Visitor: 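Below is one structure. I have some questions about it.
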2 protein chains.
Amino acid sequence: MTTINDIARLANVSRSTVSRHLNKNGYVSQEAQERIDKVIEETGYFPSQSAKSLRTKKTGVVGVILPKISTETASRVVDGINQVLQENDYQMLLTQTLLEKEKEIAFIRLLQSRNVDGIILLGTNTDEALVEEIKKSDVPVVVLGQDMPGTTSIHYPDYKATAEMISYMIEKGYRDISFIGVPEDDPAVGIVRKKAYIDTLKEHNLPVLTERITYGDFSINSGYHAMETIMKQSTKPDAVFVVTDNMAVGAMQYLKENHYNIPADIGMATTGVSRLSKYIEPVLTTIDFQNEEAGAAITRLLMGQLNGYKKTKKLTHTYRRLTGNSL
Amino acid sequence: MTTINDIARLANVSRSTVSRHLNKNGYVSQEAQERIDKVIEETGYFPSQSAKSLRTKKTGVVGVILPKISTETASRVVDGINQVLQENDYQMLLTQTLLEKEKEIAFIRLLQSRNVDGIILLGTNTDEALVEEIKKSDVPVVVLGQDMPGTTSIHYPDYKATAEMISYMIEKGYRDISFIGVPEDDPAVGIVRKKAYIDTLKEHNLPVLTERITYGDFSINSGYHAMETIMKQSTKPDAVFVVTDNMAVGAMQYLKENHYNIPADIGMATTGVSRLSKYIEPVLTTIDFQNEEAGAAITRLLMGQLNGYKKTKKLTHTYRRLTGNSL
DNA sequence: ATTAAAAGTGGGATCGATTCCACATTAGAC
DNA sequence: GTCTAATGTGGAATCGATCCCACTTTTAAT
């Protein structure tokens, strides 16, 4: 491999001069620049990032930790992240936890050992151990999707969007709305969205029935089974709200297989699957959290931190309701 | 930041001993090991990957170049890649070209400057310039999706799968099948699949009409417009085959908006959208190229190359036909 | 008891860049 | 024509690891 020393020798200058030219700092004569450029061109030289970052403590790489890439939500967020990183000449080191919590902590360490300049975490919990690990981190960590204590983070408007959707369902005439949620480990999705559901029912003087509240684990399959549990109850609800896209797909699969008509037999609303919801029949009424923009926004916050901004920031992202004919 | 020297000093050994212990080569006494472990535990030390890879020329990072992550096909491939990389303790540096060809070449260089150990390219063309760049690469490059000259690659069974699907459509009674393809820059999708379509029509003594062959650019939108072009012709076809998932979604959108009934008015078949095709109404008949497994397979080939296997390998991946009611 | 092999350790060179510093040359100001 | 500032250059230290080599101590074999 060609090194800076080879270039220096071939161009008849010192390696300091080559470095100065490459980084455009300090003085280099016109002639020297030309000789260096010529040699670089001929050899196809590119500086070793390892050596560079050993000296400068910067790698130009940002680590991204997410549960699983092959979901619409995650891949859209990554699109947004990528866009901002590219604008700022950063690269992305991608890791997947597959929803194993310990891996979030392990990856924060691993990414640091790889000397990333910063870390973006798509949050799935706010456990004490995780908060601690973030606090200990040498590099800035920003979080999307959870209100992570003491950390710059953007979370979705879980409460507002859910409450509004439930209100909308009630307006539409539904009176017995069931709920497919996730465990409380995930505060944003597991606690806040459930609370919004319960609060809104109460506000409208509707009963909150524990048997109408079921849980899945984010997977398509778990949505299927949660829906099954609900529909096997002695009395059936007239609608269902599913907290995530993947589980909604599973729930819909159960309903289709068992020949329930949506929305005639049961209304359905969810969050996510925004891009594909309109090709699914019936067209899903869903909350679009605008994941690309959220990914871009959290990345901009990280860029800010990398440029020395120290204070932690808390933002709530926006959303739009997409109205289909599933209600 | 804690370095190996700090650990050495605190544990009262030399930095060589710490290194030997960490890498489990050479001799280190039991007591020394314990002292070192204790200090590492206390300080939360992790070795600097930059320094390490400057010496060893290995980073444990594999670069992945793909057109766009937020498509079902790409994200499933990445899932497969990730799985194998994780098993082998590699990390993934992800880049997106957004279908700009020059970026494929630029990223091959960039990734090398970042000292990745190998590169996985989701191929979109086999241009001379790209082939040259791959040949010049210091690190192994493997390609998925194209039969890249001189390079270890896995391509999909484009011809066979397409021909079989067209045959199946003909068996089903369709006689005027239109085609939405992509430009020939992409040999696998643009040339081979079209050839299979044409050959199969000919084999069955059906006319090949140029006006039935349209092109898109992989985007949903282009699928929409291609479908529009076809349906605005004086005589309408009785079926359409769309070469990629995204474009199929667009084509379907056009048909739905204009109240064409699938399959009564027009039959439809495609490749991809395998995971979601069954939730779309009608359930799409599609070719599933089993992208996770393809991603895993190409990554295994790369791992082989990293372990010294030198010969270039050419493989064809498998597929399954998923039968829906869109035909 | 002698000796060779095994076990254990530290010093120093090295990887390829950046960056500080000393020094030489040139240009411009008076 | 001096003097200072700007321009231009190379040497050497440094980043944090690996790894070869030299050396000492322990163990085991004869």
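Note that the coordinates shown come from a computational prediction; the quantities given were computed from them, not determined experimentally. Chain identifiers are assigned alphabetically (A, B, ...) following the order of the sequence lines, protein sequences preceding nucleic acid strands; residue numbering begins at 1 within each chain.
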Visitor: Looking at dT19(C), dA17(D), dG10(C), which one has an atom nearest to any side-chain atom of S19(A)?
Guide: dT19(C)
Visitor: It should be established whether S16(B) places a side-chain nitrogen or oxygen under 4.0 Å from OP1 or OP2 of nucleotide dG10(C).
Guide: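 Answer is no, no contact under 4.0 Å.
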Visitor: Side-chain contact test, heavy atoms from C-beta onward, threshold under 4.5 Å: evaluate it for D186(B) versus F218(B) and give yes or no.
Guide: yes
Visitor: Near DNA chain C, which residues from residues 51-62 of chain A have a heavy atom under 4.0 Å away?
Guide: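 Hits under 4.0 Å, by residue number: A51(A), K52(A), L54(A), R55(A), T56(A).
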Visitor: In whole Å, I'd like the distance from the NE2 atom of H21(A) to the P atom of dT18(C).
Guide: 12 Å
Visitor: Examine the side chains of T2(A) and T43(A) and answer whether a donor and an acceptor come within less than 3.5 Å of each other.
Guide: no
Visitor: Expressed in angstrom and rounded to an integer, what is the separation of K24(A) atom NZ from dG8(D) atom C1'?
Guide: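 Checked: the NZ to C1' distance equals 17 Å.
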Visitor: Hey, which of these two, S14(B) or L22(A), hits DNA chain C nearer its 5' end, going by closest nucleotide?
Guide: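 Its nearest nucleotide being more 5', the pick is S14(B).
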Visitor: Give the residues of residues 25-35 of chain B touching DNA chain C, defined as any heavy atom closer than 4.0 Å, sorted by residue number.
Guide: Y27(B), V28(B), S29(B), A32(B)
Visitor: May I have the distance from Y45(A) (atom OH) to dG16(C) (atom P), rounded to whole angstrom?
Guide: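 Atom OH in Y45(A) sits about 10 Å away from atom P in dG16(C).
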Visitor: Taking only side-chain nitrogens and oxygens of T17(B), does any of them come within less than 4.0 Å of OP1 or OP2 of dG10(C)?
Guide: yes
Visitor: In this structure, are over 12 heavy atoms from other groups packed under 6.0 Å from K101(B) atom NZ?
Guide: yes
Visitor: Taking atom NZ as the centre, does K314(A) end up with more than 12 heavy-atom neighbours from other residues, nucleotides or ligands that are less than 6.0 angstrom away?
Guide: yes
Visitor: Should N23(A) be listed as having a side-chain N or O under 4.0 Å from OP1 or OP2 of dT18(C)?
Guide: yes
Visitor: Determine the sole option in N25(B), I4(B), I7(B) for which the side chain to side chain contact (heavy atoms under 4.5 Å, CB included) test with S19(B) is passed.
Guide: I4(B)
Visitor: What is the distance from CD of Q49(B) to C1' of dA17(D), rounded to the nearest Å?
Guide: 10 Å
Visitor: Which whole-number value in Å describes the distance from R20(B) CZ to dG10(C) P?
Guide: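 It is 8 Å, rounded to the nearest whole Å.
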Visitor: Please confirm whether the shortest side-chain N or O distance from T3(A) to OP1 or OP2 of dG16(C) is below 4.0 Å.
Guide: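 For dG16(C), neither OP1 nor OP2 has a side-chain N or O of T3(A) closer than 4.0 Å.
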Visitor: Donor-acceptor pair, Q33(A) side chain versus V28(A) backbone, under 3.5 Å?
Guide: yes
Visitor: Just N and O in the side chain of S50(A): are any of them under 4.0 Å from OP1 or OP2 of dG16(C)?
Guide: no
Visitor: Kindly check if the number of other-residue, nucleotide or ligand heavy atoms within 6.0 Å of CD (E102(B)) is above 12?
Guide: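 Result for CD/E102(B): enclosed.
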Visitor: Quick one: label S48(B) by what it contacts on the DNA or RNA (base, sugar-phosphate, nothing), any heavy atom closer than 4.0 Å.
Guide: sugar-phosphate
Visitor: Would a 4.5 Å heavy-atom cut-off, applied to side chains only, mark L22(A) and F46(A) as touching?
Guide: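 The answer is no; the side chains never approach within 4.5 Å.
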Visitor: Would you kindly give the CZ-to-P distance between R114(B) and dA17(C), to the nearest whole Å?
Guide: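 Checked: the CZ to P distance equals 14 Å.
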Visitor: Would you say the side-chain atoms of T59(B) and D117(B) include a donor-acceptor pair closer than 3.5 Å?
Guide: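 T59(B) vs D117(B): donor-acceptor pair found between side chains.
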Visitor: Give each protein N/O atom lying under 3.5 Å from an N/O atom of nucleotides 3-5 of chain D, with the pair distance.
Guide:
none

Visitor: Do the side chain of D127(A) and the main chain of A129(A) share a donor and acceptor less than 3.5 angstrom apart?
Guide: no
Visitor: With heavy-atom distances below 4.5 Å as the criterion, would you say the side chains of E292(A) and V77(A) are in contact?
Guide: no
Visitor: Are there more than 12 heavy atoms of other residues, nucleotides or ligands under 6.0 Å from atom NZ of K57(B)?
Guide: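 Yes, because the 6.0 Å sphere around NZ of K57(B) holds more than 12 heavy atoms from other groups.
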